[in-house]
**Student:** 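The structure is given below, and queries will be raised subsequently.
To find a chain, count down the sequence lines: A is the first, B the second, and so on, and within it residues start at 1. Only a predicted model underlies this, so the values are computations on that prediction, with no experimental measurement involved.
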Amino acid sequence: MEAPAPDAPSSRVGLTQRLLAAGLLVAILAFFVGQQIFIERHAEPYPGLVMPSFASAITPDFVAVSVPVIAVAFADGGGAFVSAQDLTRAGGNTYWVMNNVFNRGLDAKGESLPGLTRPRNVVRRFFDGATPGHVPFSRTNRAHHPETVAWLRNRLGDLYPNREPTSMKIAWATLVYRPDGKRVNSPNQTSKVVNIDL
Amino acid sequence: VARASKFTRWFDHWMFDEFALSGADLAIFRVVYALAALLLLVPDFEIVNRYPDTFYSPPPGIMAVFTRFPPAWVPTALEIGIAIGLVAILVGYMTTLASWATTFMWLYGNGLVYSMAKINHGSLLFSIAPVFLSLAGWGNRFSLDAWRRGRYRIVRRWPLTLFAVTIGGMFVTAAIPKIEAGWLHLSTHAVQRAVIAAGSGPEFATEILKIHSPIFWEGVDYSTILLETGLVLAALSLRSFRAVLSVAVLFHAAIFFVLGISFVPQVLAYGAFVSWHRLDWRTSPRAAPTRVGTELPALLRILGPPVAIVAVGVALQAFGGLFDSPSTFYEHFNLFTVTKIILVTGSAVALSYLVALAVMAVAAIRRRFVLRRLAHRPT
């Protein structure tokens with residue numbers, strides 16, 4: 001018996017496959033349009049067929065970057081700085097984890113913003129995107145939640161086995177750079193300070 | 001009516017004939033895909049077990065339906081499931097089921113990780129590729145499925161066309177917010193900003209920031225937009241799609257060395273459009289062997305040399321500082337090293353393809369010129 005050819009030229013494609021292919025093409029194009037409307041109105045969905053935007057454009061004079069500076073106070077009266085990387089062990093996601101938990105949902109003094117409540121309705125949760133560029137529940141205070149505090153206590157216990165942490169301060173420092181990459185300010189300029197009692 | 005029929009003919013050709021990759025091409029890519037995923041890219045979903053549920057902050061969509069991380073065994077089960085799926089894809093056993101299952105497990109597992117921080121787009125294309133490629137028939141050759149069936153199924157080209165359109169559309173989604181944010185304004189140099197924000201860690205970040213020419217930085221901004229909007233149009237033909245994909249590979253390599261952001265899985269996914277059988281001129285795309293026993297030597301002939309070359313590259317890189325200390329191998333042989341090797345190899349392939357296209361274009365123009373001169377020569 002002669003083996004069939006490995007290729008399938010169009011003359012050999014049946015009506016069902018033609019309809020399926022055309023239907024899927026229309027579906028993919030419609031998905032992209034719908035997805036873009038969703039992104040403009042809410043935020044980027046997951047899963048979605050999206051590539052990263054890196055949309056923020058430069059001002060001619062400087063670039064401002066916000067970074068967390070973390071200080072821990074211990075019961076023995078001492079203190080220590082901890083890097084966000086060491087604290088979260090989140091690798092390349094460190095900034096985003098810190099931002100989600102210890103920045104969003106808090107005002108400049110680290111107090112709770114009037115928070116959104118998590119919807120009970122499943123369909124509402126699906127579309128709960130708040131504003132473009134923000135994840136759902138972004139105004140919920142997670143930093144002072146008992147689960148977060150318990151986690152911090154455990155984590156700092158791992159990092160400093162023989163010391164008892166009593167409080168943690170996260171200062172969101174604004175670093176300003178010139179276009180050639182040189183920094184033009186000291187890291188003392190902070191936009192937000194979050195205090196957490198442990 | 002005539003115009004409609006012309007469009008229909010064009011559409012027919014584009015959808016069902018244009019992306020003419022053979023069963024051998026797809027099957028070799030299947031093996032490359034599974035090996036790369038198993039050795040380099042099996043994701044770490046268990047990272048979510050380190051955090052409390054207060055860290056669960058999903059983007060809109062399926063993950064937002066859940067309110068907390070799943071039990072700790074779920075990420076572990078997903079990792080094991082993906083590994084099993086990839087092994088099945090590698091040997092071509094129940095390939096379609098394995099491909100779809102792997103994609104869904106990967107998407108859900110990634111969704112857990114992305115619900116903790118942000119959506120990382122680098123592996124999205126790589127994780128959805130099996131769905132398109134299983135529809136095309138990447139399990140039809142060099143596979144246990146083909147051996148079990150005892151016959152050879154034909155390859156479908158239209159899923160590759162759809163995959164190309166999907167990749168092009170995804171690039172457009174990256175271009176739209178850039179345009180909205182002002183990348184095309186002459187006073188904004190967005191790439192320059194991104195390089196500054198990335199810090200001095202990446203290899204060439206400091207070097208490239210020494211360039212102060214606004215024409216250069218705005219040119220980079222415009223080139224990026226052009227690439228991201230052009231890929232979907234390039235999908236109208238396989239040759240132009242490959243050419244723009246080649247530019248995209250160079251683009252990803254530049255991003256890695258300047259911004260420190262790796263899109264290696266994406267570069268690997270572009271391999272779906274490579275004519276892999278050309279690595280061995282003895283393997284005809286039209287040959288239709290039906291037994292695994294006859295196909296294995298061909299597969300080894302095709303993949304042996306490039307695997308050996310990459311292995312030598314890895315070894316040279318890994319053992320570069322061997323005499324410093326016994327642990328040097330492990331210090332050097334890490335994902336960063338492999339990322340560099342894949343990107344450099346991919347860039348070499350992409351550049352070769354672009355040069356070959358340019359040479360062919362010049363030859364075609366010369367041939368046309370000569371023919372025209374001959375036609376006008378008085379007899």
**Student:** Between B:Asp53 and A:Glu147, what is the shortest heavy-atom contact and its length?
**Tutor:**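 Reported closest heavy-atom pair: N-OE1, 3.4 Å.
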**Student:** Just jot down the salt bridge (charged side-chain N to carboxylate O under 4.0 Å, His left out) partners of A:Arg163, sequence neighbours excluded, or say none.
**Tutor:** A:Asp76
**Student:** Rounded to the nearest 0.5 Å, how far apart are CZ of B:Arg50 and OG1 of A:Thr88?
**Tutor:** 9.0 Å
**Student:** Can you say whether B:Ile128 sits under 4.5 Å from chain A via the side chain, the backbone, both, or neither, judging by heavy atoms?
**Tutor:** side chain
**Student:** Taking atom OG1 of B:Thr166 and atom CZ of A:Phe32, what is their separation to the nearest 0.5 Å?
**Tutor:**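 One finds 5.5 Å between OG1 of B:Thr166 and CZ of A:Phe32.
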**Student:** If I measure from the heavy atoms of chain A, does B:Ile179 come under 4.5 Å with its side chain, its backbone, both, or neither?
**Tutor:** neither
**Student:** Can you tell me which portion of B:Tyr51 sits under 4.5 Å from chain A's heavy atoms? Options are side chain, backbone, both or neither.
**Tutor:** both
**Student:** Checking B:Leu162 against chain A: side chain, backbone, both or neither under 4.5 Å from a heavy atom?
**Tutor:**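 When you check distances to chain A, atoms from both the backbone and side chain of B:Leu162 fall under 4.5 Å.
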**Student:** Supply the atom-to-atom distance B:Thr173 OG1 to A:Glu44 CD, rounded to the nearest 0.5 angstrom.
**Tutor:**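 B:Thr173 OG1 to A:Glu44 CD: 7.5 Å, rounded to 0.5 Å.
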**Student:** For a quick test of reading the model, state the closest non-hydrogen atom pair linking A:Gln17 to B:Trp158 and the distance between them.
**Tutor:** OE1-NE1, 2.6 Å
**Student:** Heavy-atom cut-off 4.5 Å, strictly under: side chain, backbone, both or neither for B:Phe55 against chain A?
**Tutor:** both
**Student:** Could I get the full list of salt bridge (charged side-chain N to carboxylate O under 4.0 Å, His left out) partners for A:Glu164, not counting sequence neighbours?
**Tutor:** none
**Student:** Nearest 0.5 Å, what's the CD1-CD1 distance between B:Ile176 and A:Ile39?
**Tutor:** 8.0 Å
**Student:** Show the nearest heavy-atom pair for residues B:Met15 and A:Ala21, with the distance to one decimal.
**Tutor:**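 Smallest heavy-atom distance, with atoms named: CE-O, 3.9 Å.
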**Student:** Please test B:Thr54 against A:Trp151 for side chain to side chain contact (heavy atoms under 4.5 Å, CB included), starting from the C-alpha separation and ending with a verdict.
**Tutor:** CA-CA 10 Å; B:Thr54 46; A:Trp151 177 83; over 6 Å; no
